Amino acid sequence: MSGAPARTLLLWCPDWPVLAAEIVDGVPATDPVAVLHANRVVACSERARAEGVRRGLRRREAQGRCPQLTVVDHDPARDARAFEPVVAAVEEVVAGVEVIRPGACALAARGPSRYLGGEEAAAERIVEHVAQTCAVESQVGIADGVFAAGLAARDGRIVAPGGTPEFLAGLPVEALGRPTLTDLLRRLGVRTLGDFAALPAGDVLARFGFDGALAHRLAAGRDHRPLAVRQPPADLTVTADHDEPIDRVDAAAFAARTLAEQLHERLAAHGLACTRLGIEAVTAHGQELHRVWRHDGLLTAAAIADRVRWQLDGWLSGSNGRGGARPARPTAGIIRLRLVPDGVLAQAGLQPGLWGETGEERERAHRALSRVQGILGPEAVVTAVLGGGRSPADQVRLVPWGDERLPARPGPPPLPTAGPPSAAAAPERAVSTRSRAAVPAPPWPGRIPPPAPAVVLPTPLPAAVHDAAGEPVVVSARLAVSAAPARLTVGAGRPAEITGWVGPWPVDERWWAPAEARRRARFQVCLADGAALLLAVEGGQWLVEAIYD
């Protein structure tokens with residue numbers, strides 16, 4: 001490691017975790033906001049600092065200083081997603097950007113300073129472009145090395161070439177960002193970076209190890225780490241402009257095939273394939289149309305052309321706006337068509353399944369459902385995904401056709417028990433079920449055992465359950481049933497005789513949040529006519545949740 005550190009420009013966005021929470025989750029950054037990790041503040045807004053909130057405070061102490069504080073959980077993925085547009089905006093002005101962390105990125109200052117009229121002009125240009133493009137305030141620091149440039153950015157300062165050691169000398173050792181080393185240096189009487197840099201390098205290595213020696217070089221202004229610049233993502237979109245507006249389906253089909261082949265060739269040149277395709281169109285009257293097509297396989301050139309043709313057919317063959325079921329037709333022909341590969345992966349990165357996942361029948365069904373989506377929208381065709389949960393309604397999640405089929409909740413292992421009881425075994429099953437409820441099977445205690453009901457009611461039906469003496473059946477807080485259920489009345493219907501029952505399965509959810517707490521118990525019952533129902537009692541009210549086949 002020899003030679004002078006490279007001249008570095010670093011852009012820093014203050015309080016970035018707070019700004020990311022505003023960009024992604026809509027949390028107002030102008031209010032008192034604190035971002036917490038492991039119950040400690042890692043970032044806070046300007047108004048929160050004015051109320052005495054500081055980094056490192058525990059949640060309770062921070063809320064004690066600022067009772068109106070809005071607390072947000074730390075989410076590095078959210079910070080990175082929100083920062084990507086900022087980095088893209090910087091890359092529109094300069095090249096060779098390295099992301100230091102969400103909220104800070106660096107680049108070599110030599111190139112921008114030469115073609116933008118100097119370091120100060122380059123810094124102003126980048127800050128202004130980020131503010132106009134992303135509506136984000138930022139500061140730029142320029143110094144010799146990434147470490148010094150990051151500290152200079154805190155004050156929006158440009159350190160003169162060769163003046164980095166002097167600039168660092170007066171800063172406290174806490175600027176190193178190493179709490180353990182900083183605490184030890186403080187106890188040894190070393191309080192500034194200049195004091196630390198004055199120590200012999202050999203003694204620092206022997207006493208503090210390799211990390212201490214690296215920190216010693218940074219404190220002395222000898223930061224020789226090269227920038228690990230990132231490659232800007234390739235522009236894979238294809239666009240076609242038409243002088244004559246396209247208002248016929250046959251002309252749209254021809255344009256779709258040509259554009260699809262261009263997109264497929266561009267993707268193939270980068271060794272990529274498309275799994276999610278965005279189709280955008282602009283009409284002669286300025287109307288903008290957009291639709292995203294999803295596919296659980298690799299979109300070939302023919303498949304891309306088909307989807308574009310279907311989409312253009314759906315747009316150009318729309319209703320006239322007088323109550324038709326299809327979307328309204330554009331008021332003018334299409335003059336611009338754009339294909340955006342919204343989801344890509346390596347050409348060999350998707351392997352088909354061995355059984356039941358390929359074949360002409362499946363492909364034909366997929367094409368039909370995808371075409372319906374193109375006409376009516378992605379949410380028009382949904383499939384059920386099974387997952388975890390305590391009630392049958394909680395265990396099913398509807399996802400648009402072609403989307404990733406992930407359950408909303410992790411599913412538990414199967415439970416070894418049967419469904420609705422018979423009349424002969426009802427009392428014994430009731431006892432055994434209560435014993436099982438006392439020692440629930442993880443991870444969903446209170447979950448109804450299989451088989452699953454055939455019909456899950458979207459809105460439970462009110463019901464009444466009475467014993468043989470005609471008294472209402474109640475369930476105590478300790479899950480004691482007042483008497484054996486004998487008759488069931490659903491709504492205003494006639495009473496039906498209960499020939500078998502099993503339960504209760506207790507559920508006590510979100511007890512730590514009073515506004516969301518919910519406590520109920522479920523029963524399975526058989527009726528004299530052969531029907532089997534899933535009942536729930538909550539707050540003294542009986543409900544019919546599902547029906548067994």
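All residue numbers refer to positions in the sequence shown, counting from 1. Everything quoted here is computed from the prediction, not taken from an experiment.
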With rounding to the nearest 0.5 angstrom, report the [atom1] to [atom2] distance, [X] to [Y].
X	Y	atom1	atom2	answer
R55	C44	CZ	SG	8.5 Å
T8	R110	OG1	CZ	13.0 Å
H285	I335	NE2	CD1	9.5 Å
Q262	R257	CD	CZ	13.0 Å
E46	D31	CD	CG	12.5 Å

- Item | Candidate list R59, Q63, R65, test side-chain hydrogen bond (donor to acceptor under 3.5 Å, both in side chains), partner E61, passing option | R65
- N-O pairing of R78 and D25 below 4.0 Å: yes
- Is the shortest distance from a Lys or Arg side-chain nitrogen in R47 or E51 to a carboxylate oxygen in the other one below 4.0 Å? no
- Closest approach of Q139 to P14 (non-hydrogen atoms, all atoms of both residues): OE1-CG, 4.2 Å
- Note on the structure: Residue pairs meeting salt bridge (Lys or Arg N to Asp or Glu O under 4.0 Å), one or both in residues 172-185, sequence neighbours left out, come to E174-R186, R178-D211, D183-R187
- Message: For a side-chain contact (heavy atoms from CB on, under 4.5 Å) check, start with the C-alpha distance between I126 and L9, then their side-chain angles and the critical distance, and finish with the verdict.
- Response: CA-CA 10 Å; I126 293 174; L9 183 151; 4.0 Å; yes
- Message: Counting C-beta onward and ignoring hydrogens, is there a side-chain heavy-atom pair between V308 and L259 closer than 4.5 Å?
- Response: no
Is it the case that more than 12 heavy atoms not belonging to [X] sit under 6.0 Å from its [atom1] atom?
X	atom1	result
Y115	OH	yes
R7	CZ	yes
E92	CD	yes

- Intermediate values then yes/no, side-chain contact (heavy atoms from CB on, under 4.5 Å), L176 and F196: CA-CA 11 Å; L176 291 170; F196 186 39; 4.0 Å; yes
